[in-house]
Amino acid sequence: MAVYQSNRLRKDGALMGLDVGVGGQVLDLETAVKDGILGGGGGIGVGGGSAEKLDLKKMIEELEAVEVPSVFICPISLDPMRDPVTLCTGQTYERSNILKWFSMGHYTCPTTMQELWDDSVTPNATLQQLIHTWFATKYSAMKKRSQDVQGRAIEVLEILKKAKGQSRIEALKELRQLAAAHSTARKSLVDNGGVGSLSSLLGPFTTHAVGSEVIAILVSLDLDYSGKTNLTQPAKISLMVDMLNEGSIETRINCTRLIEMLMEGKDFVSENVSSLSLLVGLLKLVKNERHPNGVIAGLRLLKAICSHESLRASIVSIGAVSQLVELLPGFKADCIELALHILEVLSTVPEGRLALKECAKTIPNMVKLLMKVSESCTQLALAILWAVCKLAPEECGALAVEAGLAAKLLLVIQSCYNPVLKQRSAELLKLCSSNYTATNFISKCKLTTTIQ
């Protein structure tokens, strides 16, 4: 896009021309718009007679993502101007911005830093009208596209009610593309019963080809209470679990996200996600390092499932504890925190504590995470270490000391501002040192330098 700068001004502040910067040619604003250089579209004049009179502020807000010609931008705020005024230097600014500049005691032109010989500001009516016309044209085109998208989404929804076989799949693919690209299409689907129509396509005899498309659409929508309740029917959940285990990586991630959305309902029944097949599928997703989005989606759903106490023993029974502990070093920060949260919750049940104790990497991996990722991770790791060491103080305490726990705990006590962490660290340090004399403990932990 060509960049325009103000060149000459009449006394009334209207722009006489624009320096295109190509061969020194000067164009007036009307010509620039008519030629489409400023994106106004052919035949739209500065007068804006063909443009609907719309609120400029609203249009600017709704067209925030659109690239705006630089001549419309205030040099002070770098936002589009709504009330442009011109100084005696020929530079144009948004009125409120330049008046604020003056109120701060500046009597220079912000762009050129020239001293002003006249501090009056002249409304630039021509530029203001051009800005309004340009935004009105863009806004009208956006609204028309939006209406076209909404209409097409409703049409495809009607087609789906009669389509079968490959025609149904093609219609679903189009609907999925519309929903992915346009928020207006998503709203139309919700407002016109699309959630119910799509949900009705899921059942025990639904093919994965149809199911994967339906779930990809549903996961992008705002589901209300009725929609979530409909989707928690056992046959529909069972289909999602099957596709989570057997579908493409994209389908598996979408199934995971949709089930997490369903669990947010206040009346969600934990038995709906008690299937061991679901838990196994989630662990497979979490272990697939090639797809980070799948890892975080799987961990998020496992965390949600862990919030139901009745399901924690089932999660432990499939070997989730040892697998998560071993995966920790390879996780990114956000995944580490999710995994630690899951392990900490599982440590509240006897099966979980025992599984943590029996995993050889639990203590060394937890010690490494202290004061490393975040305060939240340190707190979770401390809670896990406390649960394990409390279960077998002599055995696990010795392992923790060998792993360098004492030095890490002293670091937490000395440098952490959180009193809860300080207290827990002191208690854990006392627990681990209970089987040693003071001299032996200091020697064993190699703490002389740290203490000094």
Is a side-chain donor or acceptor of [X] paired with a backbone partner of [Y] at a separation under 3.5 angstrom?
{"X": "Ser199", "Y": "Val195", "value": "yes"}
{"X": "Thr256", "Y": "Gly298", "value": "no"}
{"X": "Thr362", "Y": "Lys357", "value": "no"}
{"X": "Glu344", "Y": "Ala381", "value": "no"}
{"X": "Asn192", "Y": "Ser188", "value": "yes"}
{"X": "Asn97", "Y": "Tyr93", "value": "no"}
{"X": "Gln423", "Y": "Pro419", "value": "no"}
{"X": "Asn245", "Y": "Ser277", "value": "yes"}
{"X": "Arg252", "Y": "Gly247", "value": "no"}
{"X": "Ser167", "Y": "Ala163", "value": "no"}

Please tell me whether [X] and [Y] have a donor and an acceptor in their side chains that are separated by less than 3.5 angstrom.
{"X": "Thr86", "Y": "Thr92", "value": "yes"}
{"X": "Gln379", "Y": "Glu375", "value": "no"}
{"X": "Ser248", "Y": "Thr251", "value": "yes"}
{"X": "Thr232", "Y": "Asn272", "value": "no"}
{"X": "Gln150", "Y": "Thr184", "value": "no"}

Q: For Lys161 and Glu158, run salt bridge (charged side-chain N to carboxylate O under 4.0 Å, His left out): C-alpha distance rounded to whole Å, both residues' side-chain angles, the deciding distance at 0.1 Å, then the answer.
A: CA-CA 5 Å; Lys161 295 177 181 178; Glu158 289 300 315; 3.1 Å; yes
Is [X] atom [atom1] crowded by more than 12 heavy atoms from other residues, nucleotides or ligands, each under 6.0 Å away?
{"X": "Gln233", "atom1": "CD", "result": "yes"}
{"X": "Arg300", "atom1": "CZ", "result": "no"}
{"X": "Lys303", "atom1": "NZ", "result": "no"}

Please name the pair of heavy atoms, one in [X] and one in [Y], separated by the smallest distance, quoted to 0.1 Å.
{"X": "Leu382", "Y": "Arg424", "answer": "CB-CG, 4.1 Å"}
{"X": "Ala304", "Y": "His308", "answer": "O-CD2, 3.6 Å"}
{"X": "Val190", "Y": "Asp222", "answer": "CG2-O, 3.9 Å"}
{"X": "Leu276", "Y": "Ser317", "answer": "CD2-OG, 4.1 Å"}
{"X": "Leu302", "Y": "Leu279", "answer": "CD2-CD2, 4.4 Å"}
{"X": "Leu218", "Y": "Leu223", "answer": "O-CD2, 4.1 Å"}

If I take atom [atom1] from residue [X] and atom [atom2] from residue [Y], how far apart are they, to the nearest 0.5 angstrom?
{"X": "Cys396", "Y": "Arg353", "atom1": "SG", "atom2": "CZ", "result": "12.5 Å"}
{"X": "Leu244", "Y": "Ile259", "atom1": "CG", "atom2": "CD1", "result": "5.5 Å"}
{"X": "Leu356", "Y": "Ile363", "atom1": "CG", "atom2": "CD1", "result": "9.5 Å"}
{"X": "Leu301", "Y": "Leu258", "atom1": "CG", "atom2": "CG", "result": "10.5 Å"}
{"X": "Phe268", "Y": "Thr229", "atom1": "CZ", "atom2": "OG1", "result": "10.5 Å"}
{"X": "Met366", "Y": "Leu385", "atom1": "CE", "atom2": "CG", "result": "7.0 Å"}

Are [X] and [Y] close enough that some pair of their side-chain heavy atoms sits under 4.5 Å apart?
{"X": "Ile154", "Y": "Leu189", "value": "no"}
{"X": "Val286", "Y": "Ile296", "value": "no"}
{"X": "Arg95", "Y": "Met81", "value": "no"}
{"X": "Leu369", "Y": "Ile336", "value": "yes"}
{"X": "Cys306", "Y": "Ile315", "value": "yes"}
{"X": "Thr206", "Y": "Val214", "value": "no"}
{"X": "Val68", "Y": "Asp79", "value": "no"}
{"X": "Asn254", "Y": "Ser212", "value": "no"}

Q) Going through the distances and angles, do Leu278 and Ile305 end up as a side chain to side chain contact (heavy atoms under 4.5 Å, CB included)? A) CA-CA 11 Å; Leu278 167 61; Ile305 294 173; 4.2 Å; yes
Q | Those residues that, when tested against Arg186, pass side chain to side chain donor-acceptor pair (under 3.5 Å) (two or more places apart) | A |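 Side chain to side chain donor-acceptor pair (under 3.5 Å) check on Arg186 returns nothing, list empty.
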**Q.** Contacts of type side chain to side chain donor-acceptor pair (under 3.5 Å), residue Lys187, not counting sequence neighbours
**A.**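 For Lys187, the residues satisfying side chain to side chain donor-acceptor pair (under 3.5 Å) (neighbours in sequence not counted) are Asp191.
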Q: Under the side-chain hydrogen bond (donor to acceptor under 3.5 Å, both in side chains) rule, what do Ser96 and Asp83 come out as? Steps first, then yes or no, please.
A: CA-CA 8 Å; Ser96 60; Asp83 186 10; over 6 Å; no
Charged N-O contact under 4.0 Å between [X] and [Y]:
{"X": "Glu174", "Y": "Arg152", "answer": "yes"}
{"X": "Glu289", "Y": "Lys284", "answer": "no"}
{"X": "Glu213", "Y": "Lys173", "answer": "yes"}

Q: Show your working on salt bridge (charged side-chain N to carboxylate O under 4.0 Å, His left out) between Glu260 and Arg257 and close with a plain yes or no.
A: CA-CA 5 Å; Glu260 184 190 359; Arg257 288 174 174 166; over 6 Å; no
Q) Considering the options Leu324, Leu327, Leu282, which one meets the side-chain contact (heavy atoms from CB on, under 4.5 Å) requirement together with Leu299? A)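 The residue from Leu324, Leu327, Leu282 that satisfies side-chain contact (heavy atoms from CB on, under 4.5 Å) with Leu299 turns out to be Leu324.
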Q: Indicate the ring-plane relationship of Phe135 and Phe72, choosing parallel, tilted or perpendicular according to the 30° and 60° boundaries.
A: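 Aromatic pair Phe135/Phe72 classed tilted.
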Q) Can you list the steps and then say if Met243 with Leu239 is a side chain to side chain contact (heavy atoms under 4.5 Å, CB included)? A) CA-CA 6 Å; Met243 290 194 291; Leu239 175 65; 3.9 Å; yes
Q.
Taking ring pair (Phe, Tyr, Trp, His ring centres under 6.0 Å) as the definition, give me every residue that meets it alongside His106, ordered by chain and number, with sequence neighbours left out.
A.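 Ring pair (Phe, Tyr, Trp, His ring centres under 6.0 Å) list for His106, sorted by chain: Trp101.
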Q | Step-by-step side chain to side chain contact (heavy atoms under 4.5 Å, CB included) determination, Val71 to Ile131 | A | CA-CA 9 Å; Val71 73; Ile131 291 171; over 6 Å; no
(Q) Apply side chain to side chain contact (heavy atoms under 4.5 Å, CB included) to residues Asn124 and Gln128 and explain how you reach the verdict. (A) CA-CA 6 Å; Asn124 195 326; Gln128 183 182 40; 6.0 Å; no
